[in-house]
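Single-structure report; data block below.
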2 protein chains.
Amino acid sequence: MAVELNTAEALKLWHDTHLELVRDTEPDLSARQVTILLTVYLEPPPHTVRGLATKLGVTKPVITRALDSMGRLNLVNRKRDPSDRRNVLVQRTVKGSLFVERLADTVCQRAANLRAVIA
Amino acid sequence: MAVELNTAEALKLWHDTHLELVRDTEPDLSARQVTILLTVYLEPPPHTVRGLATKLGVTKPVITRALDSMGRLNLVNRKRDPSDRRNVLVQRTVKGSLFVERLADTVCQRAANLRAVIA
DNA sequence: TTAGAATGATACGGCTCCGTAACGACTGAC
DNA sequence: GTCAGTCGTTACGGAGCCGTATCATTCTAA
């Protein structure tokens, strides 16, 4: 459970994980898209466009467009809030869950390799 | 020195760091650009366009364009190899060093916060 | 010296994303 | 019933990156 990274380790982890993601043929998500996706999957619902925009410090169209593209990839889903039909609730999907899980695996693996190299 | 991340910690670290980067007004680098930048700053020179392209598994124009844009930001520098003038050597810059250092700080800080939350 | 290989840069059309400004749908208070 | 306020979306022009194909320069070997 101990999480301690010195400067060199942090950079190597960041580099190695990004390299892995770039090499994969997966669809490359932008930093904003990653942040939105992980927010939806890590924090408790509900997630609205406005809420996400405020949290990320960006404008609403940025969120709408990110949801468009990630929705096209089936990573997230949109649904109108029945209790207030102005709101849109961002929901998780099976494919999104798998994607996030894979991302976690990659980071964990690179962190483990990090220690292996040092040892 | 211990680096052990479970799934939830890895995702939280990835999310929190990306959130911090998105919130910053900094120029957002793509995953490819990050990988190139960190490769140049972490691995021993020389770094050529072809070498970077092979390492990342992308085509040469991708590297050229990334160097164009990061050069515009003064994060890296290009120099002809005097011993073989076909080659271009990618060099570090002061501003790039500061940028990388800042990135490391962000990752380290988020990793530390990670433990603080768990404790 | 010259033909071939190798390097990085460029041209092109296409796609995605950006920020600002508008828009229609919906709610709630009067 | 109406109207101001809120929600998410769309429109628009502009900028950046993509992949493929091609280019000029440089080196190497016959």
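Heavy atoms only: backbone and side chains are in, while hydrogens, waters and symmetry mates are out. This structure is a prediction, so every number in the text was calculated from the model and none was measured. A, B, ... follow the sequence lines: proteins, then strands. Residue 1 opens every chain.
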Rounded interatomic separation in angstrom, taking CG from D84(A) and P from dA29(C): 12 Å
Starting at the 5' end of DNA chain C, which residue's closest nucleotide do you reach first, P82(A) or S69(A)? S69(A)
Distance check needed: dC17(D) P versus L67(B) CG, whole Å only. 12 Å
Counting heavy atoms from C-beta on, name the nucleotide in dC18(D), dA6(C), dC18(C) closest to the side chain of R86(B). dA6(C)
Would you say S30(A) places a side-chain N or O within less than 4.0 Å of OP1 or OP2 belonging to dC17(C)? no
When you measure from the side-chain N and O atoms of T64(A) to the phosphate of dG8(D), is any distance below 4.0 Å, counting only OP1 and OP2? no
Is D24(B) paired with R102(B) through a side-chain N to carboxylate O contact shorter than 4.0 Å? yes
P61(A) side-chain proximity, nearest of dT26(D), dT9(D), dT20(D): dT9(D)
Roughly, in whole Å, what's the span from CZ in R50(B) to C1' in dT25(D)? 17 Å
Would you sort out whether T39(B) and H15(A) count as a side chain to side chain donor-acceptor pair (under 3.5 Å), showing the intermediate values? CA-CA 7 Å; T39(B) 298; H15(A) 168 267; 2.8 Å; yes
Given atom CG of D81(B) and atom C1' of dT26(D), what is their separation to the nearest angstrom? 11 Å
Rounded to whole angstroms, how far apart are CE on M70(A) and P on dT16(C)? 15 Å
If only side-chain N and O atoms of Q33(A) are considered, is one of them under 4.0 Å from the OP1 or OP2 phosphate oxygen of dT16(C)? no
Under 4.0 Å between a side-chain N or O of R78(B) and OP1 or OP2 of dA9(C)? yes
R80(A) or T59(A), whichever maps to the more 5' nucleotide of DNA chain C: T59(A)
The reported gap from CD in E9(B) to CG in D16(B) (rounded to nearest 0.5 angstrom) is 11.5 Å
Indicate the atoms forming the closest heavy-atom contact of L75(B) with K95(B), along with that distance. CD2-O, 4.1 Å
For the side chain of V49(A), counting heavy atoms from C-beta on, which of dT7(C), dC17(D), dG8(D) is nearest? dG8(D)
Would you compute the distance between atom NE2 of H18(B) and atom OG1 of T106(B) and round it to the nearest 0.5 angstrom? 11.5 Å
Under 4.0 Å, heavy atoms only, any strand: does R65(B) hit a base, just the sugar-phosphate, or nothing? base
Would you mind telling me which of dT9(D), dG8(C), dT27(C) lies closest to the side-chain atoms of K60(B)? dG8(C)
Could you state the atom-to-atom distance from CD1 of I63(A) to C1' of dT6(D) in whole Å? 17 Å
Protein-nucleotide distance (R32(A), atom CZ; dT16(C), atom P), rounded to Å: 17 Å
Counting only side-chain nitrogens and oxygens, does T48(A) get under 4.0 Å of the OP1 or OP2 atom of dC7(D)? no
d(NE2, H47(B); C1', dT7(C)) in whole Å: 18 Å
